[in-house]
Amino acid sequence: MEFGGRETMKIGLIDVIDWQTTVDFRDGRPIELTHPMIDLAGGLLAAHRYPGDLTPGASGWVTDVALDLARQYRPDYMFLDYANINLATTFSPPGSGAREAIIGEVFGEIARFVDASGFVPVIIGLGEMLPFMGYIDVTGLECQVVAGGMSPRYAGLNAPSRRDLDTVSRWPEVTRIVSRADFRSQFGGSEAFYTRFPDYIMAAADGYTFKGVGSGSRPQYYVPRSDAQIPLHTPLQGACDIVSVSDMVLRALSAGQKVVLILVEGVGCESFPLPHRPIDNTHYWYHYAVGEGQYLALGTGRHFVEQPYPPGYCYYVDDHEHKPYPFSGIYSEMPAYTIGERFAGKSAAVGSRGMITHIAAGAEITIECFVRALYNHGVMAILDV
Amino acid sequence: MTRIECPFCERRCKLSETDYGFCQMYAGIDGAVVERFPNRYSSMNISHIEAIPFYHFQPGSRTFVLGSAGCNFDCHYCSNAYVARSEPEPLLFFDLSPSRVVELARQNGCHNITFAVNEPTVALPTLYQVARAGREAGIPVGVLTNGYMRPDVAVEMGEAFAFVNVSIKSARDSFYRERVGVPSASVVLRNVETLSRLTHLEISTPIVQGINDDEIPEIATFIAATDPYVAWHVFRLLPEYKMAEYERPPIEAVNVALEEARARLPFIYFSNFVGSHWVSTVCPACHATAIERINMGGCGAKSLEYHVTAGRCDACQHPLPISGEPVKWNSEDARR
């Protein structure tokens with residue numbers, strides 16, 4: 001297995017259609033720089049306009065960009081993600097046929113990449129979707145409750161009163177309430193994780209999401225299901241759970257194979273259309289659902305408790321004036337142990353899951369859509385130069 | 001059935017127990033106009049005030065962003081049609097008293113409150129109460145509005161809200177008639193003049209390619225006559241809703257037009273595209289950067305550095321139209 005160590009600077013190249021700019025990715029400020037990687041990425045971004053998360057062709061965009069990138073950059077490792085089954089399912093009414101259509105489209109695009117590129121595929125479905133059952137209103141609690149994101153399944157409670165804890169313990173849609181101390185004694189994990197951990201977290205039953213300050217407001221029809229197992233399709237051997245995939249990929253890369261890790265949101269063992277074997281998608285009682293924690297567990301081989309950002313974490317506190325990596329959401333540093341970081345060869349990533357793609361891939365070059373809350377701003381490349 | 005004219009908006013809809021007007025948010029009951037959904041909201045979020053956008057009011061502050069549902073316009077390019085032009089009741093999940101809104105803002109370390117997702121004119125009685133509760137708690141409340149309210153309401157809003165951003169979508173009646181669904185631009189322009197006398201005002205203009213991109217000099221002339229030191233936020237519109245197929249305006253061409261206007265209006269910002277180079281405040285006297293910002297997507301920005309003290313440029317002491325001192329993002333956070 002190879003372990004790389006590169007001395008590089010991260011550059012962001014932003015394309016908002018007919019206009020490009022380059023930024024120092026760490027502080028977000030514009031920067032003037034010439035480099036062959038910037039020329040390569042600039043041409044790719046200009047040639048491939050992202051159609052939008054809910055627009056037909058979004059999965060074709062991933063494949064088109066990935067094939068061009070494979071031809072021009074010639075990486076040995078590629079990381080691809082297709083988010084569009086999840087997004088189309090979430091926001092399309094049941095019975096519309098949108099889900100069935102897009103599953104076919106996405107897997108057709110995946111096959112197109114694998115067939116044309118010759119990479120060894122490692123294709124993983126990130127879990128099933130199930131009909132949205134309802135919201136859990138947290139605004140009546142006395143304490144500060146953090147339930148940010150599109151479909152928050154975990155909420156953080158800070159300084160809850162006895163009355164708050166009694167109240168939430170009676171909510172039938174809440175399956176678990178755990179204090180920081182109890183969580184730590186069971187899961188362990190990094191100091192940074194527990195520095196940010198709320199006083200308590202609570203978990204919603206499948207089908208429900210919390211609704212409070214920071215929760216998404218668009219009507220949704222489906223939500224991710226927290227599956228105990230997720231499907232893996234690959235000729236490679238050696239992965240039995242979510243944190244052993246990255247070592248399996250690295251072993252194949254060390255053996256000289258070109259490997260593509262492909263994450264597909266919105267499909268689990270029941271709807272995954274390729275032959276597969278199930279792998280474990282849990283850590284103790286915690287079931288991963290699609291999101292940063294799951295991407296990072298797959299991309300780094302480390303469970304979510306080794307990352308700095310726990311569920312229900314008060315995300316906005318870190319978004320201060322001097323937060324590094326302003327285009328990387330809550331992340332103030334690039335995660336360690338990504339396959340892209342550990343592999344000494346050439347790596348590249350493409351994804352329709354904005355922001356999480358470059359976080360989880362750690363590749364030398366990442367191209368991802370720049371979409372926030374379904375607003376399509378354009379495309380971004382993140383480059384090590 | 002007796003119908004009563006809506007006292008808030010210049011559409012002057014006739015309301016009854018079953019006629020809710022264009023915005024669907026008011027009813028006429030027993031000779032009075034009442035809100036159908038008082039104290040109801042669709043969303044609550046925490047944001048940089050620059051993202052709303054307000055660049056010249058408490059720069060750097062953390063704002064508690066409220067949205068409800070409904071609008072008195074039908075902009076064909078609307079980015080928020082799912083709340084502005086949909087049946088309101090299913091969207092209005094939260095039921096929060098004014099004091100609870102203020103409490104939530106404070107609990108989350110916010111320095112001010114902004115109603116910004118849809119049009120405030122459709123929920124004014126509730127928002128006046130929020131403004132009053134905020135004032136009592138020392139938390140300023142502001143709104144983002146299309147400016148299409150009756151003249152007396154513009155006065156009330158100017159007195160109630162500590163900061164207001166009005167969208168001047170065009171200076172021409174034809175735009176408002178054909179793209180928005182109201183007869184005239186004059187109502188909005190009249191209300192901008194009123195609000196500029198009463199409260200902290202900023203102005204926004206979405207540039208719609210092929211529709212109003214030639215209007216920049218005309219709108220600039222109006223703003224220069226009203227208040228040349230106002231912050232004017234020009235957006236590169238990403239058309240959605242009924243105009244989703246329209247192209248985005250070319251950035252370089254729009255900026256050429258803005259550059260000419262900057263000779264008269266020193267605080268023109270150009271955003272709604274990631275990485276914009278035109279979101280920082282530059283001192284018009286010494287050309288030093290007084291407030292450095294970056295755009296991370298959306299109409300606004302995030303502040304990085306401040307070189308302004310007591311409303312003056314740190315480099316040359318030239319007065320700048322900034323209301324309030326720059327605020328540290330975490331300065332009110334109880335958890336810090």
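Reckoned from all heavy atoms, side chains included, excluding hydrogens, waters and symmetry mates. Lettering follows sequence order; numbering is per chain, from 1.
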Checklist line | Atom pair OG1/CZ of A:Thr139 and B:Arg100 - distance to nearest 0.5 Å | finding: 6.5 Å
Note to self: Please rank B:Ser79, B:Ser303, B:Ser43, B:Pro250 by heavy-atom pairs under 4.5 Å with chain A and give me the top one.
What the structure shows: B:Ser79
Checklist line | A:Glu321 vs B:Lys328 side-chain heavy atoms within contact, under 4.5 Å | finding: yes
Next item on the list: Just give me the residue among B:Ile251, B:Asn45, B:Val274 that pairs up with chain A most often, heavy atom to heavy atom, under 4.5 Å.
Entry: B:Val274
Next item on the list: Give the C-alpha distance, both sets of side-chain angles, the deciding distance and a yes or no for side-chain contact (heavy atoms from CB on, under 4.5 Å) between A:Arg218 and B:Val83.
Entry: CA-CA 8 Å; A:Arg218 285 184 191 266; B:Val83 288; over 6 Å; no
Next item on the list: Using a cut-off of under 4.5 Å on heavy-atom pairs, state which of B:Ser47, B:Gly275, B:Ser86, B:Gly67 scores highest against chain A.
Entry: B:Gly275
Item checked: For A:His320 against B:Asn330, the heavy-atom pair lying closest together -> CB-ND2, 4.1 Å
Item checked: Contact class of A:His322 relative to chain B, heavy atoms under 4.5 angstrom -> side chain
Next item on the list: Please state whether the side chain, the backbone, both or neither of B:Val327 comes within less than 4.5 Å of a heavy atom of chain A.
Entry: backbone
Checklist line | Exam field: side chain B:Gln107 to backbone A:Glu142, donor-acceptor pair closer than 3.5 Å | finding: yes
Notebook entry, point to check: For B:Leu238, does its backbone N or O pair with a side-chain atom of A:Tyr375 as donor and acceptor, under 3.5 Å?
Noted result: no
Note to self: Looking only at heavy atoms and a cut-off of under 4.5 Å, which of A:Lys323, A:Arg49, A:Met380 has the most pairs with chain B?
What the structure shows: A:Arg49
Next item on the list: Give the minimum heavy-atom separation between B:His48 and A:Asp319, together with the two atoms involved.
Entry: NE2-OD2, 2.8 Å
Check: Given the options B:Phe273, B:Phe94, B:Tyr306, which has more heavy-atom pairs under 4.5 Å with chain A than any of the others?
Finding: B:Phe94
Check: Heavy-atom distance under 4.5 Å to chain B: side chain of A:Ile14, backbone, both or neither?
Finding: side chain
Notebook entry, point to check: Which heavy-atom pair separates A:Phe370 from B:Gly297 by the least distance, and what is that distance?
Noted result: CE2-CA, 4.5 Å
Next item on the list: Would you name the heavy atoms of A:Asn376 and B:Arg248 that are closest together and state the gap between them?
Entry: O-NH2, 2.6 Å
Item checked: Test item: B:Trp329 side-chain N/O and A:Tyr316 main-chain N/O as donor-acceptor pair under 3.5 Å -> yes
Item checked: Residue pair A:Ile17 / B:Arg236: nearest heavy atoms and the distance that separates them -> O-NH2, 2.8 Å
Next item on the list: Identify the residues of residues 23-34 of chain A whose heavy atoms come closer than 4.5 Å to a heavy atom of chain B, ordered by number, or report 'none'.
Entry: A:Asp27, A:Gly28, A:Arg29, A:Pro30
Notebook entry, point to check: Quick one: what part of B:Asp95 sits under 4.5 Å from any heavy atom of chain A, side chain, backbone, both or neither?
Noted result: neither
Next item on the list: Name the member of B:Glu252, B:Glu305, B:Lys302, B:Glu240 that forms the most heavy-atom pairs with chain A at distances under 4.5 Å.
Entry: B:Lys302
Checklist line | B:Ile294, part contacting chain A, at a heavy-atom distance under 4.5 Å | finding: side chain
Note to self: Can you classify the ring geometry of B:Trp278 versus A:Trp19 as parallel (below 30°), tilted (30 to 60°) or perpendicular (above 60°)?
What the structure shows: tilted
Check: Are any of the side-chain heavy atoms of A:Pro219 and B:Leu91 separated by less than 4.5 Å?
Finding: yes
Notebook entry, point to check: For A:Leu141, is it the side chain, the backbone, both, or neither that has a heavy atom closer than 4.5 Å to a heavy atom of chain B?
Noted result: backbone
Next item on the list: Find the one option among A:Cys143, A:Gly140, A:Gly148, A:Ala373 whose heavy-atom pairs under 4.5 Å with chain B are most numerous.
Entry: A:Cys143
